[in-house]
Protein chains: 2
Amino acid sequence: MNTLAEENYLKAIFALMDENGEVMVNELSQRLAIKMPTVSSMMKKLANKNLVTYESYKPIRLTEKGRVEAALIIRKHRLTEMYLVEKMGFGWEEVHHIAEQIEHIQSPELFAKMDELLGFPALDPHGSPIPDSSGKMIPREYQKLSHCKTGEKVKITAVVNTSHEFLTFLNGKQIHLGLEMIIHSLEPFDGSMTISYKENKETISSVVTDRILVEQL
Amino acid sequence: MNTLAEENYLKAIFALMDENGEVMVNELSQRLAIKMPTVSSMMKKLANKNLVTYESYKPIRLTEKGRVEAALIIRKHRLTEMYLVEKMGFGWEEVHHIAEQIEHIQSPELFAKMDELLGFPALDPHGSPIPDSSGKMIPREYQKLSHCKTGEKVKITAVVNTSHEFLTFLNGKQIHLGLEMIIHSLEPFDGSMTISYKENKETISSVVTDRILVEQL
DNA sequence: TAAATTTGTTAGACACAACTAACAATTTTA
DNA sequence: TAAAATTGTTAGTTGTGTCTAACAAATTTA
Ligand SMILES: [Mn+2]
Ligand SMILES: [Mn+2]
Ligand SMILES: [Mn+2]
Ligand SMILES: [Mn+2]
């Protein structure tokens with residue numbers, strides 16, 4: 001069994017591999033807010049447990065075993081978030097920090113029950129896919145809203161960042177998953193975008209459009 | 001904030017004070033399956049944090065602060081057990097080891113929500129009182145079934161031991177909270193008791209009758 | 001290519017929470 | 001009350017996961 005610290009490293013490596021392909025000690029250090037020497041020595045430990053491949057000064061990669069263990073923690077995280085929103089009435093902005101703790105609970109029964117009560121959901125409340133119980137995850141190939149062009153009609157399928165502040169900002173603008181919108185204009189100078197949806201017309205910065213994933217309608 | 005280890009010590013001291021009044025290093029050591037020198041040094045740490053009173057070779061007691069912190073962990077434990085049984089469909093024999101982990105989750109919102117969804121329950125699935133959010137717990141002074149006499153009619157109000165094995169044993173005999181029974185006979189030699197309830201007539205040992213709490217009807 | 005910057009490792013320290021071995025105090029029993 | 005048993009402490013060790021200081025390698029910039 002892996003420790004709490006090990007589990008958090010695995011999850012972070014998984015996310016960084018997803019974003020950038022390979023992972024440097026430096027990146028992992030910043031992501032986890034843990035100093036490089038600590039990360040470096042943890043990588044030796046994880047390599048020893050055959051969860052990552054790692055040689056000094058070379059990039060880090062999850063092994064297949066490591067990838068599956070990371071995916072199963074992410075599964076617990078996302079099932080929990082979905083359960084908290086759908087069955088307990090929490091807002092999508094409230095659940096991440098609770099799931100960050102519950103993802104480490106050791107109880108296959110608990111997560112199997114959540115899964116069952118939720119009807120075996122494919123996505124979490126932020127639109128991210130929930131890995132199956134063997135660790136398989138269907139990758140989402142949606143595009144960033146920031147990459148869309150004027151005149152396009154799109155539907156929000158996921159958000160990239162799940163911080164309380166970002167999601168509360170979206171709540172304030174009544175922006176949520178499934179929302180359909182038209183791109184009115186795109187400011188070339190700073191990438192800010194004017195969109196319309198329902199009765200709203202809003203201008204949002206590229207900081208926001210970079211964190212929203214959409215599908216073309 | 002207290003560590004996981006500290007929280008488990010506080011809970012154990014609380015339970016032992018409840019059972020025996022005062023707590024010896026030895027008892028705590030056995031209860032937690034942690035060697036005495038470790039317990040001894042932890043007591044210094046907890047005394048330093050003003051959670052217990054402790055002097056070498058003297059019995060351990062929780063301070064008022066320690067008592068409240070212990071009660072709040074027990075509150076989280078029992079709310080969780082109740083939630084798992086009432087809202088998720090677990091059996092009363094399945095929930096203790098899950099609650100043992102979830103009791104350490106730091107999220108007032110999560111437990112407030114459980115409490116609300118459950119309608120602010122006073123008792124957990126094993127009949128134990130749930131402390132309120134200020135750490136107050138109404139003690140319930142039921143008597144052990146083993147102390148009852150032949151001919152008495154009683155109702156089961158709580159079970160003392162919440163191990164999977166004990167509760168599964170009770171399930172097998174269709175014994176549950178709220179069950180009313182008549183004491184047919186009591187064997188003086190070994191304390192075994194013959195009881196009848198519904199269509200059942202069973203003889204149960206004193207190991208069992210010691211762990212069942214009842215009220216007189 | 002040489003210097004500067006960034007990235008990473010090694011070495012040594014520390015806090016926490018566990019352990020064993022040895023010894024000391026307290027309580028029970030003879 | 002003396003011996004034995006039980007209970008508890010002290011001292012020193014271990015493993016985990018963090019840190020800082022110092023140094024080394026790799027990459028970027030001049
Ligand atoms: Mn999340
Ligand atoms: Mn986590
Ligand atoms: Mn319990
Ligand atoms: Mn616990």
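Note on naming: letters A, B, ... go to the chains in the order of the sequence lines (proteins, then strands), and numbering restarts at 1 for each one.
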Nucleotide nearest [X] (side chain, heavy atoms from C-beta), chosen from [options]:
| X | options | answer |
| --- | --- | --- |
| B/Thr3 | C/dG8, C/dA11, C/dC16 | C/dC16 |
| B/Met24 | C/dG8, D/dT10, D/dT7 | D/dT7 |
| A/Asn26 | D/dG8, C/dT7, C/dA21 | C/dT7 |
| B/Ile34 | D/dA21, C/dT20, C/dA18 | C/dA18 |

Determine whether B/Thr157 and B/Arg140 make a side-chain contact, defined as any pair of heavy atoms from C-beta on separated by less than 4.5 Å.
yes
Please determine, by modelled atom types, if B/Glu94 and B/His164 share a side-chain donor-acceptor pair under 3.5 angstrom.
no
Spacing of [X] atom [atom1] relative to [N] atom [atom2], expressed in whole Å:
| X | N | atom1 | atom2 | value |
| --- | --- | --- | --- | --- |
| A/Leu28 | C/dT7 | CG | P | 14 Å |
| A/Asn8 | D/dT16 | CG | C1' | 15 Å |
| B/Asn2 | C/dC16 | CG | P | 12 Å |
| B/Gln30 | D/dT6 | CD | P | 12 Å |
| A/Tyr9 | D/dT16 | OH | C1' | 11 Å |
| B/Met43 | D/dT10 | CE | P | 14 Å |
| A/Tyr57 | D/dA25 | OH | C1' | 5 Å |
| B/Met42 | C/dC16 | CE | P | 9 Å |

Are [X] and [Y] within salt-bridge range, i.e. N to O under 4.0 Å?
| X | Y | result |
| --- | --- | --- |
| A/Lys58 | A/Glu22 | no |
| B/Glu64 | B/Arg67 | yes |
| B/Lys11 | B/Glu103 | yes |

By the 4.0 Å heavy-atom rule, please label [X] as base, sugar-phosphate, or nothing.
| X | result |
| --- | --- |
| B/Ser41 | nothing |
| B/Ser29 | nothing |
| A/Lys58 | nothing |
| B/Thr38 | base |

Given C/dT10, is OP1 or OP2 found less than 4.0 Å from the side-chain N or O atoms of A/Lys44?
yes
Report the residue (A/Met36 or A/Ser56) whose heavy-atom-nearest nucleotide on DNA chain D is the more 5′ of the two.
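Residue closer to the 5' terminus by nearest nucleotide: A/Met36.
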Would you mind telling me which residue lines up with the more 5' stretch of DNA chain D, A/Ala5 or B/Glu27, judged by nearest nucleotide?
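It is B/Glu27, whose closest nucleotide lies nearer the 5' terminus.
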